[in-house]
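All heavy atoms count here, side chains included; hydrogens, waters and symmetry mates do not. Residue indices begin at 1 and follow the sequence shown.
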Amino acid sequence: MPCCSLRKIIKYPRSVLRTILVVANNIYCVPTYLVWMFLLLPLRKIHETYYYRIEGILFHWLLANVSMWSWTAGYEVVEMGDDITTAFDKRTLVLANHQSTSDVPLLMAAFNAKKGILPNIMWIMDRLFKYTNFGAVSLVHQDFFIASGKNNRDKSLEQLKSHILKCYIPRKRKWMVLFPEGGFLRKRKEISQRFAEKNNLPVLNNVTLPRVGAMKAIIDMLGAPSDINNSSATTNPSSRSLLGSGVRQEAAKQSDGNSTIINSEAIIKDDDDCDNCKDASYAMLNGQSGGCLEYILDITIAYPQGVPLDLPNIVHGMRDPCQTFLFYKLYHSSEVPRESESLTQWLYNRFYEKEKLLEEFYRTGTWPTSCCIPPTVVHQDLLRFLLIHLFFVTSTYVHLQLILTLINYTNIMYVYFLS
């Protein structure tokens, strides 16, 4: 009893201290990243590849700081499902359900422990995040800000295609993170359920019906290795139709294995399709298939009792320590259909599966027993966190000294010219 009371007493000053440290962390880390990128701009002119390689390392270290916030608060990440190590250095599209502002920090924590992912990742996020403290970092890293709403949809998808060609491929990024639901569960749940009822689709409670447009644009721009192998066949209309027929057959096989089939009228009404992406060129680097999308990683995020954390929780740490679960399913990109209706069916089926997984987990607290990787806590490296902080603190000191020296020199020159 006394120990419990002591924890309650300590919780509040600990929360205040954590908040101060997180604010300070932002103050000395984000500007340091931006200053280094500014000072290294000449290298970008000389050797752009080296510039973005350094940028990727600094970006990773910044996200490692965010990972430390949740870890030190006792919010562990537990991963299970398919073995995803084969996708670490491959072009991979990550699809995840979206419940709260803590989804991204916890994904960062999971990816931070894996080599080579965070330096070469591109986040697709709502345009509003451009105006947060991390917005400038995302702009330098060349993440993509997508505008929501029907009026902005077509323009945003065109901008996404252009961004992939101008930024994602030249920077040799590997992973790309997309939240197909297009918003938080609590905000989109009612709209999604109304749409489902109107179109005779399953009414979902733990996820919402996904939007297909962004995924369609990405797949059409990046293609798949099998697309490159068949590039000669796709140069004429007759062979393209044969290829499309094969994709539809594959999609039909996948649909047969799922008890829920989307009503064709609902697919047509789905205003997030990106039909105008069909003629986009496949992405290639030096004529190799390395520029193509190779994997689709489907992540189901589950919070204890279905009550998600949020960013304030991660900052002040007032909520009791808990575990957030990430369930992985890895698909080769050749398994994913390209044709609009089949792709919509495929993506909807993934979210129907998520609904069943989450419903079962919240009811029983268990996951499927057929996981390749059993539930495993993602371990973070405290020494690495300390070294990263030492780098940012030292860099901040050096940058401040440079600025003070520059100000002092400017004052001296000003006095000299006046005299």
Verify side-chain contact (heavy atoms from CB on, under 4.5 Å) between Y328 and D83, making sure each step is shown before the conclusion.
CA-CA 8 Å; Y328 299 144; D83 183 0; over 6 Å; no

For L209 and Y352, what are the C-alpha separation, side-chain angles and deciding distance, and is it a side-chain contact (heavy atoms from CB on, under 4.5 Å)?
CA-CA 9 Å; L209 293 172; Y352 295 151; 4.1 Å; yes

F351 and W346: CA distance, side-chain angles, deciding distance, ring pair (Phe, Tyr, Trp, His ring centres under 6.0 Å) verdict:
CA-CA 9 Å; F351 276 77; W346 186 90; 9.7 Å; no

Would you sort out whether R194 and E197 count as a salt bridge (Lys or Arg N to Asp or Glu O under 4.0 Å), showing the intermediate values?
CA-CA 5 Å; R194 285 203 306 266; E197 290 172 351; over 6 Å; no

Pair N97-F179, side-chain contact (heavy atoms from CB on, under 4.5 Å): steps then yes or no:
CA-CA 6 Å; N97 57 312; F179 295 97; over 6 Å; no

If you apply the rule side chain to side chain donor-acceptor pair (under 3.5 Å), what do you find for Y33 with H141, and how did you get there?
CA-CA 11 Å; Y33 165 90; H141 186 67; 4.9 Å; no

Might you work through the side-chain contact (heavy atoms from CB on, under 4.5 Å) test for L106 and L309, ending with a clear yes or no?
CA-CA 10 Å; L106 293 175; L309 294 164; 4.1 Å; yes

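A distance-only check finds a donor-acceptor pair linking the side chain of Y168 to the backbone of K174 [under 3.5 Å]. Checked by atom type and distance alone, the side chain of S342 never pairs as donor or acceptor with a backbone atom of P337 at under 3.5 Å. The closest donor-acceptor contact from the side chain of T19 to the backbone of S15 lies under 3.5 Å. The backbone N or O of P312 lies less than 3.5 Å from a partner atom in the side chain of H316, making a donor-acceptor pair. Formation of a donor-acceptor pair under 3.5 Å by the H332 side chain with backbone atoms of S334 is found in this model. At least one donor-acceptor pair under 3.5 Å links the side chain of R91 to the backbone N or O of R173. D381 places a side-chain N or O within 3.5 Å of a backbone atom of L383 that can act as its donor or acceptor partner. Distance alone, capped at 3.5 Å, is enough to place a donor-acceptor pair between the D126 side chain and the L128 backbone. A distance-only check finds no donor-acceptor pair linking the side chain of T208 to the backbone of K189 [under 3.5 Å]. Listed for the E181 side chain is a donor-acceptor partner under 3.5 Å among the backbone atoms of H98.
Side-chain contact annotation: D103 with Q99, donor-acceptor N/O pair under 3.5 Å absent. In this model, a donor atom of one side chain and an acceptor atom of the other lie less than 3.5 Å apart for Q193 and N205. Inspection of the T300 and K354 side chains reveals an N or O donor paired with an N or O acceptor under 3.5 Å. Between the side chains of R18 and T72, at least one donor-acceptor pair of N or O atoms lies under 3.5 Å. No hydrogens or angles considered: a donor-acceptor pair under 3.5 Å links the side chains of N112 and Q380. At a cut-off of 3.5 Å, with distance as the only test, a side-chain donor of S102 or Y303 sits close to an acceptor on the other residue. For the residue pair S395 / T32, no side-chain donor-acceptor distance below 3.5 Å is found, with atom types taken as modelled.
Taken to the nearest 0.5 Å, the CG atom of L40 stands 14.0 Å off from the NZ atom of K45. Remark: S100 OG to F184 CZ distance equals 6.5 Å, nearest 0.5 Å. Taken to the nearest 0.5 Å, the CG atom of D82 stands 11.5 Å off from the CD1 atom of I299. A distance of 4.5 Å separates CE in M108 from CG in L63, rounded to the nearest 0.5 Å. Residue I169 holds its CD1 atom at 12.5 Å from NZ of K166, rounded to the nearest 0.5 Å. Interatomic distance, CE of M215 versus CG of L160, reported as 12.5 Å (0.5 Å rounding).
Atom CD of Q305 has 12 or fewer neighbouring heavy atoms from other residues, nucleotides or ligands inside a 6.0 Å radius. When the shell of 6.0 Å around OH of Y397 is examined, it contains 12 or fewer heavy atoms from other residues, nucleotides or ligands.
Nearest heavy atoms, M68 versus H389: CE-NE2, 3.1 Å. Summarising the geometry of A73 relative to P321, their closest heavy-atom pair is O-CG, 4.1 Å, with the distance given to 0.1 Å. The minimum heavy-atom distance linking R384 with A64 is given by the pair NH1-CB, 3.9 Å. When every heavy atom of L311 is checked against every heavy atom of T101, the shortest pair comes out as N-OG1, 2.8 Å. Scanning all heavy atoms of the two residues, the minimum distance from Y28 to T396 falls at O-OG1, 3.0 Å. The minimum heavy-atom distance between I164 and P170, with the atom names listed, is O-CD, 4.1 Å.
E360 and R363 are joined by a salt bridge, as a carboxylate oxygen and a charged side-chain nitrogen come within less than 4.0 angstrom of each other. Using a 4.0 Å cut-off between charged side-chain N and carboxylate O, K356 and E359 make no salt bridge. Classification of E353 and R350 as a salt-bridged pair holds, one side-chain N sitting under 4.0 Å from a carboxylate O. Under the 4.0 Å criterion applied to side-chain N and carboxylate O atoms, E48 and R171 are assigned as salt-bridge partners. Under a 4.0 Å N-O distance rule, the pair R338/D220 qualifies as a salt bridge. Look at D310 and R319 and you find no salt bridge, because none of the NZ, NE, NH1 or NH2 atoms lies under 4.0 Å from a carboxylate O.
Counting only heavy atoms from C-beta outward, the side chains of L382 and W71 approach each other to under 4.5 Å. For the pair I46 and Y51, the minimum side-chain heavy-atom distance is 4.5 Å or more.
The aromatic rings of W61 and F392 stand perpendicular to each other, their planes meeting at an angle above 60°, with 30° marking the opposite boundary. The aromatic rings of Y50 and H47 lie parallel to each other, with less than 30° between the two planes, well short of the 60° mark.
Under the side chain to side chain contact (heavy atoms under 4.5 Å, CB included) criterion, K90 pairs with T92, E294, Y295, not counting sequence neighbours.
The ring pair (Phe, Tyr, Trp, His ring centres under 6.0 Å) with F325 is formed by just one residue from the set Y75, Y362, F361; it is F361. For the side chain to side chain contact (heavy atoms under 4.5 Å, CB included) with Y331, the qualifying choice from L93, D298, L297 is D298, the only one to do so.
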Let me have the donor-acceptor pairs involving side chains of residues 114-125, under 3.5 Å, with sequence neighbours excluded, atom names and distances please.
unit_1: K114; atom_1: NZ; unit_2: E79; atom_2: OE1; d: 2.8
unit_1: K114; atom_1: NZ; unit_2: E79; atom_2: OE2; d: 3.0
unit_1: K114; atom_1: NZ; unit_2: A110; atom_2: O; d: 3.1
unit_1: N120; atom_1: ND2; unit_2: G116; atom_2: O; d: 3.3

